[in-house]
Amino acid sequence: MGSEPASGHYVGRFAPSPTGPLHQGSLLTALASWLDARCTSGQWLVRMEDLDRPREMPGARGLILKALERHGLNWDGDVLYQTDRLAAYTRAVSLLKDEGWLYPCTCSRRQLLGLSVYPGWCRAAPCAPGAPQALRFRVSDQHYCLNDRIQGLERFHLEDSGDFVVVRRDGVFAYQLAVVVDDQDQGVTHVVRGIDLMTSTPRQKALQSALGYRTLSYAHLPVVVNRQGEKLSKQNRAQPLSLTEPRPAVVQALKALGLPVDDHVSASSLPEILDWARQNWNPLTLCGTKSIPETTATC
């Protein structure tokens with residue numbers, strides 16, 4: 001269950017998708033996010049990114065929350081479910097439309113196959129009436145500098161990412177829009193997440209600016225990769241976390257995050273381990289690190 005909201009100006013969040021149970025890679029992200037919030041007596045929220053219902057695994061929501069609890073990562077307030085937030089996303093889309101940021105796009109995935117950047121085919125050409133339409137955000141020729149707390153200074157040219165989708169052709173609100181609206185409405189101030197989401201940051205900053213939202217602090221963690229160099233994920237058959245003995249997974253995740261865990265700490269109770277980690281958390285130990293081998297991060 002969630003604990004009572006904490007005091008302080010820091011508000012962080014962990015936002016899993018219920019497509020399967022948590023694994024060691026997702027524990028590492030959740031743990032780093034939790035520690036970053038708790039070391040400043042800040043709030044730590046949990047958001048379930050459940051908009052893509054066909055990909056959702058039955059029972060995954062409960063498994064994820066149970067895994068967080070078993071590993072000592074209690075959250076503040078109620079869990080937010082994106083499927084309860086459709087009205088908020090609709091309002092944001094209406095505002096973006098009124099300000100001229102969006103345009104309809106009938107391009108299919110097959111048409112765009114092999115293209116890394118959307119070529120802007122529908123930007124000026126009128127769409128055929130009755131065809132399924134997505135809504136794309138019209139990017140500007142703008143440069144962004146991000147002083148990432150782990151990866152350092154990152155520079156982005158927004159046009160390099162191309163006009164991106166905010167509402168899919170099937171009517172589902174896209175990740176980029178939903179996460180920006182949720183972060184604003186939940187009062188999130190700090191985002192700690194995997195470096196695989198770094199390319200989403202300039203798009204989200206563009207949406208924040210267009211909607212008149214506040215800017216956030218970002219820290220992009222190295223991701224856990226398997227022997228093939230692929231991100232450890234449910235798609236790559238990552239093993240679910242054990243719910244019977246959580247301590248070894250927490251200890252291994254702390255070591256992978258650069259904390260000097262010794263035998264005394266490892267032998268302590270889970271609350272004692274987490275309290276020690278909270279006192280010793282320092283994201284600067286990960287500076288510039290892009291990936292962590294699975295053999296280092298798992299038991």
Side-chain angles (χ1 to χ4, degrees), residues 8-17 29 33 36-37 40 42-49 51-52 77 80-82 84-103 105 117-118 120 123 134-168 172-221 283:
H9 297 295
Y10 184 115
V11 181
R13 45 77 164 173
F14 177 59
S17 298
T29 301
S33 174
D36 208 55
T40 61
Q43 289 181 282
W44 189 67
L45 311 177
V46 171
R47 175 194 310 155
M48 204 67 67
E49 297 191 340
L51 287 176
D52 198 348
L80 184 144
Y81 294 88
Q82 288 188 328
D84 295 332
R85 300 266 302 147
L86 304 185
Y89 308 144
T90 300
R91 288 193 295 270
V93 168
S94 295
L95 178 59
L96 292 171
K97 280 183 178 178
D98 291 345
E99 296 294 325
W101 288 106
L102 305 184
Y103 64 88
C105 174
V117 177
Y118 179 66
R123 195 184 242 238
L135 287 177
R136 287 188 180 271
F137 182 84
R138 190 188 306 270
V139 304
S140 59
D141 184 13
Q142 189 169 353
H143 292 263
Y144 285 99
C145 287
L146 172 67
N147 190 15
D148 192 89
R149 294 171 53 221
I150 292 176
Q151 302 301 332
L153 185 63
E154 298 282 342
R155 293 182 173 88
F156 304 96
H157 186 199
L158 195 55
E159 282 194 329
D160 292 341
S161 67
D163 298 342
F164 57 90
V165 172
V166 295
V167 182
R168 298 182 345 195
V172 174
F173 294 102
Y175 163 77
Q176 306 293 359
L177 177 83
V179 71
V180 166
V181 176
D182 290 341
D183 283 342
Q184 174 72 13
D185 289 354
Q186 289 191 287
V188 171
T189 59
H190 291 69
V191 174
V192 179
R193 61 186 182 188
I195 196 174
D196 55 312
L197 291 171
M198 176 74 84
T199 54
S200 290
T201 305
R203 300 176 185 183
Q204 291 168 15
K205 289 175 73 69
L207 284 171
Q208 289 161 3
S209 177
L211 290 164
Y213 292 173
R214 65 183 172 275
T215 58
L216 309 181
S217 170
Y218 291 91
H220 286 88
L221 299 160

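Considering CG of Leu221 and CE of Met198, their distance stands at 10.0 Å, rounded to 0.5 Å. The CG atom of Leu146 lies 10.0 Å from the CD atom of Gln151; values are rounded to the nearest 0.5 Å. We find the CZ-OH distance between Phe164 and Tyr118 to be 13.5 Å, quoted to the nearest 0.5 Å. Atom CG in Leu102 sits 9.5 Å away from atom CG in Leu95 (nearest 0.5 Å). The structure places CD of Gln186 at 8.5 Å from CZ of Arg13, a figure rounded to the nearest 0.5 Å. Here Trp101 contributes atom CH2 and Leu207 contributes atom CG; the two are 9.5 Å apart, rounded to the nearest 0.5 Å.
Counting heavy atoms from C-beta on, the side chains of Thr189 and Leu216 never come closer than 4.5 Å. When side chains are defined from C-beta on, Glu49 counts as touching Tyr175, because their heavy atoms get closer than 4.5 Å. In this structure the side chain of Val181 reaches within 4.5 angstrom of the side chain of Tyr213, judged on heavy atoms. Counting heavy atoms from C-beta on, the side chains of Val167 and Val93 come closer than 4.5 Å. Taking 4.5 Å as the limit, some side-chain heavy atom of Arg123 sits within range of a side-chain heavy atom of Val139. No side-chain heavy atom of Arg193 sits less than 4.5 Å from a side-chain heavy atom of Ser33. The shortest side-chain heavy-atom distance between Tyr218 and Gln204 falls under the 4.5 Å cut-off. Taking 4.5 Å as the limit, some side-chain heavy atom of Thr29 sits within range of a side-chain heavy atom of Phe14.
Residues Ala210 and Leu96 approach most closely at CB-CD2, 3.8 Å, considering heavy atoms. Of all heavy-atom pairs spanning Arg47 and Val179, the tightest one is NH1-CG2, 3.5 Å. Taking every heavy atom of both residues into account, Leu158 and Arg203 meet most closely at CD1-N, 4.2 Å. Residues Val117 and Asp160 approach most closely at CG2-O, 3.0 Å, considering heavy atoms. Residue Arg149 comes nearest to Ser217 through the heavy atom pair CD-OG, 3.2 Å, listed as atom of the first residue, atom of the second, then distance. The minimum heavy-atom distance between Asp36 and Pro283, with the atom names listed, is OD1-CG, 4.1 Å.
Not a single donor-acceptor pair under 3.5 Å links the side chain of Asp183 to the backbone N or O of Val188. Within the 3.5 Å criterion, the main-chain N or O of Ala206 finds no donor-acceptor partner in the side chain of Ser209.
Within 6.0 Å of atom CZ in Arg214, more than 12 heavy atoms from other residues, nucleotides or ligands are found, so the atom counts as buried in its surroundings.
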With side-chain contact (heavy atoms from CB on, under 4.5 Å) as the test, would you mind laying out the steps for Cys145 and Glu154 before giving the verdict?
-> CA-CA 6 Å; Cys145 287; Glu154 298 282 342; over 6 Å; no
Asp148 vs Leu153, side-chain contact (heavy atoms from CB on, under 4.5 Å): CA-CA, chis, key distance, verdict = CA-CA 6 Å; Asp148 192 89; Leu153 185 63; over 6 Å; no
Quick one: do Leu211 and Glu99 satisfy side-chain contact (heavy atoms from CB on, under 4.5 Å)? Show the steps, please.
-> CA-CA 9 Å; Leu211 290 164; Glu99 296 294 325; over 6 Å; no
Report the C-alpha separation of Leu86 and Leu51 in whole Å, then their side-chain angles, then the decisive distance to 0.1 Å, and conclude whether the side-chain contact (heavy atoms from CB on, under 4.5 Å) test is met.
-> CA-CA 9 Å; Leu86 304 185; Leu51 287 176; 3.8 Å; yes
Start with the C-alpha gap between Gln208 and Thr215, add the side-chain angles, then the distance that decides, and say whether side chain to side chain donor-acceptor pair (under 3.5 Å) holds.
-> CA-CA 7 Å; Gln208 289 161 3; Thr215 58; over 6 Å; no
Check the pair His220, Asp196 against side chain to side chain donor-acceptor pair (under 3.5 Å), reporting the backbone distance first and the verdict last.
-> CA-CA 8 Å; His220 286 88; Asp196 55 312; over 6 Å; no
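For Ser140, the side-chain hydrogen bond (donor to acceptor under 3.5 Å, both in side chains) partners at least two apart in sequence or on another chain are Gln142.
Here Phe156 and Tyr144 keep their ring centres 6.0 angstrom or further from each other.
A cation-pi arrangement is absent between Arg168 and Phe173 under the rule of less than 6.0 angstrom and at most 45 degrees off the ring axis.
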